[in-house]
A.B. asks: 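Could you have a look at this structure, given as structure tokens, before my questions?
A quick note: this is a predicted structure, and the numbers were derived from the prediction, not measured. Values below: all heavy atoms of this structure, side chains included; hydrogens, waters and symmetry mates excluded.
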Amino acid sequence: MIKLNQKTIIEELLNGLNMGMVSIDHLLDKIENEKLRNIVMHQRKSYGELKDDIIHAYPDVIDKTKQKLMLEGMVEMKSIIADDAKIAKMLIEGCNQAMINMTHLENESDISSEIEDYMTKFESINKHYVEELKAFI
């Protein structure tokens with residue numbers, strides 16, 4: 001088995017954060033419930049703060065969103081006829097996918113404790129918002 005290097009792990013972590021922020025950016029104006037909108041705005045802020053921390057700690061890592069156009073198109077297509085319940089479900093699915101991806105990365109690599117801390121924070125953010133979003137599906 002080929003182990004992933006630290007730089008690749010950080011890039012994948014940043015990609016996951018970017019995917020969450022891009023998705024939220026495309027969904028925010030479609031959310032009708034003010035409480036749900038506030039939760040999602042806080043979720044995006046949490047992602048942004050974690051991303052800023054990672055970029056500050058690893059300034060040499062390339063920050064890009066893989067397949068951004070495909071992601072944006074998919075989010076727009078799925079949200080054309082979407083109510084708040086469908087949007088909450090989409091966000092929960094995204095959080096769950098991010099947690100699966102982080103677990104896979106952890107299992108496929110030897111990571112430093114610092115990177116593991118960032119991955120744990122990302123997972124904690126996702127778990128927190130899954131619980132908050134459940135009330136809207």
Side-chain angles (χ1 to χ4, degrees):
M1 174 172 62
I2 298 173
K3 295 284 186 179
L4 300 174
N5 67 38
Q6 304 291 317
K7 185 177 177 185
T8 302
I9 301 297
I10 297 164
E11 288 172 355
E12 288 300 317
L13 181 54
L14 289 171
N15 185 58
L17 289 162
N18 287 333
M19 288 177 68
M21 291 188 297
V22 166
S23 297
I24 288 170
D25 290 344
H26 281 275
L27 293 171
L28 264 177
D29 66 337
K30 296 171 175 42
I31 298 172
E32 295 180 11
N33 182 295
E34 190 67 31
K35 184 176 179 184
L36 176 58
R37 185 179 299 110
N38 286 334
I39 290 168
V40 173
M41 286 172 36
H42 283 104
Q43 181 180 11
R44 193 204 187 286
K45 183 178 181 226
S46 295
Y47 286 161
E49 289 170 350
L50 180 56
K51 177 184 170 180
D52 290 345
D53 289 348
I54 294 168
I55 289 172
H56 181 73
Y58 301 97
D60 59 323
V61 173
I62 298 169
D63 175 28
K64 64 181 179 184
T65 305
K66 296 178 184 173
Q67 304 172 337
K68 183 178 180 198
L69 289 176
M70 187 175 80
L71 171 65
E72 290 173 330
M74 183 184 72
V75 170
E76 285 301 316
M77 184 181 74
K78 284 186 170 186
S79 63
I80 287 174
I81 307 174
D83 58 14
D84 286 351
K86 288 180 185 171
I87 290 171
K89 182 181 177 205
M90 285 173 51
L91 290 168
I92 289 170
E93 288 170 349
C95 288
N96 286 333
Q97 187 61 50
M99 288 187 286
I100 290 168
N101 291 345
M102 288 301 104
T103 300
H104 174 74
L105 289 174
E106 285 180 278
N107 292 339
E108 295 295 319
S109 60
D110 296 319
I111 56 175
S112 70
S113 61
E114 184 177 21
I115 294 173
E116 187 173 9
D117 288 345
Y118 288 122
M119 294 173 81
T120 300
K121 286 178 187 174
F122 187 40
E123 185 176 7
S124 295
I125 290 168
N126 285 308
K127 284 181 179 179
H128 171 80
Y129 286 102
V130 163
E131 289 306 311
E132 289 214 28
L133 293 166
K134 283 180 182 178
F136 296 93
I137 57 174

A.B. asks: If we check side-chain contact (heavy atoms from CB on, under 4.5 Å) with Val40, which of these qualifies: Ile24, Asn33, Leu27?
C.D. replies: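 Exactly one pass, corresponding to Ile24.
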
A.B. asks: Determine the minimum heavy-atom distance between Met102 and Glu12, stating which atoms define it.
C.D. replies: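 In terms of heavy atoms, the two residues are closest at CE-O, 4.1 Å.
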
A.B. asks: Quick one: pull up SG in Cys95 and CZ in Phe122 and give me the separation to the nearest 0.5 Å.
C.D. replies: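 Interatomic distance, Cys95 SG to Phe122 CZ, rounded to 0.5 Å: 7.5 Å.
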
A.B. asks: Quick one: CG on Asp84 to NZ on Lys35, what's the gap to the nearest 0.5 Å?
C.D. replies: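 Interatomic distance, Asp84 CG to Lys35 NZ, rounded to 0.5 Å: 12.5 Å.
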
A.B. asks: Look only at the side chain of Glu132 and the backbone of Leu36, and say whether a donor-acceptor pair between them is shorter than 3.5 Å.
C.D. replies: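 Answer holds: no.
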
A.B. asks: Starting from the C-alpha separation in whole Å, work towards a yes-or-no answer on side chain to side chain contact (heavy atoms under 4.5 Å, CB included) for His104 and Ile100.
C.D. replies: CA-CA 6 Å; His104 174 74; Ile100 290 168; 5.5 Å; no

A.B. asks: Is the side chain of Glu116 donor-acceptor paired with the backbone N or O of Ile111 at a distance under 3.5 Å, no angle test?
C.D. replies: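 No; zero donor-acceptor contacts below 3.5 Å.
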
A.B. asks: Contact between Asp25 and Arg44 at the side-chain level, heavy atoms closer than 4.5 Å - yes or no?
C.D. replies: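 The answer is yes, as the side chains (C-beta and beyond) meet within the 4.5 Å cut-off.
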
A.B. asks: If I take atom CD1 from residue Ile87 and atom NZ from residue Lys30, how far apart are they, to the nearest 0.5 angstrom?
C.D. replies: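 Answer for the CD1-NZ pair, Ile87 versus Lys30, is 7.5 Å.
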
A.B. asks: Tell me the side-chain hydrogen bond (donor to acceptor under 3.5 Å, both in side chains) pairs involving residues 48-63, sequence neighbours left out?
C.D. replies: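 Sorted pair list: Asn18-Lys51, Asn18-Asp63, Lys45-Glu49, Lys51-Asp63, Tyr58-Glu114.
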
A.B. asks: Run the side chain to side chain contact (heavy atoms under 4.5 Å, CB included) test against Ile62 and tell me which residues pass, sequence neighbours left out.
C.D. replies: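 Once residues adjacent in sequence are excluded, the partners of Ile62 under the side chain to side chain contact (heavy atoms under 4.5 Å, CB included) criterion are Glu11, Lys64.
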
A.B. asks: What do the steps show when you test Tyr118 against Leu13 for side chain to side chain contact (heavy atoms under 4.5 Å, CB included), and what is the final call?
C.D. replies: CA-CA 8 Å; Tyr118 288 122; Leu13 181 54; 3.6 Å; yes

A.B. asks: First locate atom NZ of Lys121, then atom CD1 of Ile125, and finally report the distance between them rounded to the nearest 0.5 Å.
C.D. replies: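 Answer for the NZ-CD1 pair, Lys121 versus Ile125, is 9.0 Å.
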
A.B. asks: Once side-chain hydrogen bond (donor to acceptor under 3.5 Å, both in side chains) is applied, do any residues pair with Lys134, and if so which ones, sequence neighbours excluded?
C.D. replies: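 side-chain hydrogen bond (donor to acceptor under 3.5 Å, both in side chains) list for Lys134, sorted by chain: Glu131.
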
A.B. asks: His42: which residues meet the side-chain hydrogen bond (donor to acceptor under 3.5 Å, both in side chains) condition with it, sequence neighbours left out?
C.D. replies: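 With sequence neighbours excluded, His42 shows a side-chain hydrogen bond (donor to acceptor under 3.5 Å, both in side chains) to no residue whatsoever.
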
A.B. asks: How long is the gap from CG on Leu50 to OG on Ser124, to the nearest 0.5 Å?
C.D. replies: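 Separation between the atoms: 10.0 Å.
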
A.B. asks: Please report the interatomic distance CD1(Ile10) to CE(Met119), rounded to the nearest 0.5 Å.
C.D. replies: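 Separation between the atoms: 10.0 Å.
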
A.B. asks: Can you name the residues that form a side-chain hydrogen bond (donor to acceptor under 3.5 Å, both in side chains) with Tyr47, not counting sequence neighbours?
C.D. replies: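 side-chain hydrogen bond (donor to acceptor under 3.5 Å, both in side chains) list for Tyr47, sorted by chain: Gln43, Asn126.
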
A.B. asks: Determine whether Ile54 and Leu17 satisfy the following criterion, side chain to side chain contact (heavy atoms under 4.5 Å, CB included), listing intermediate values before the conclusion.
C.D. replies: CA-CA 10 Å; Ile54 294 168; Leu17 289 162; 3.8 Å; yes

A.B. asks: State which residues pass side-chain hydrogen bond (donor to acceptor under 3.5 Å, both in side chains) with Glu34; sequence neighbours excluded, sorted by chain then number.
C.D. replies: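 Partners of Glu34 under the side-chain hydrogen bond (donor to acceptor under 3.5 Å, both in side chains) test: Arg37.
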
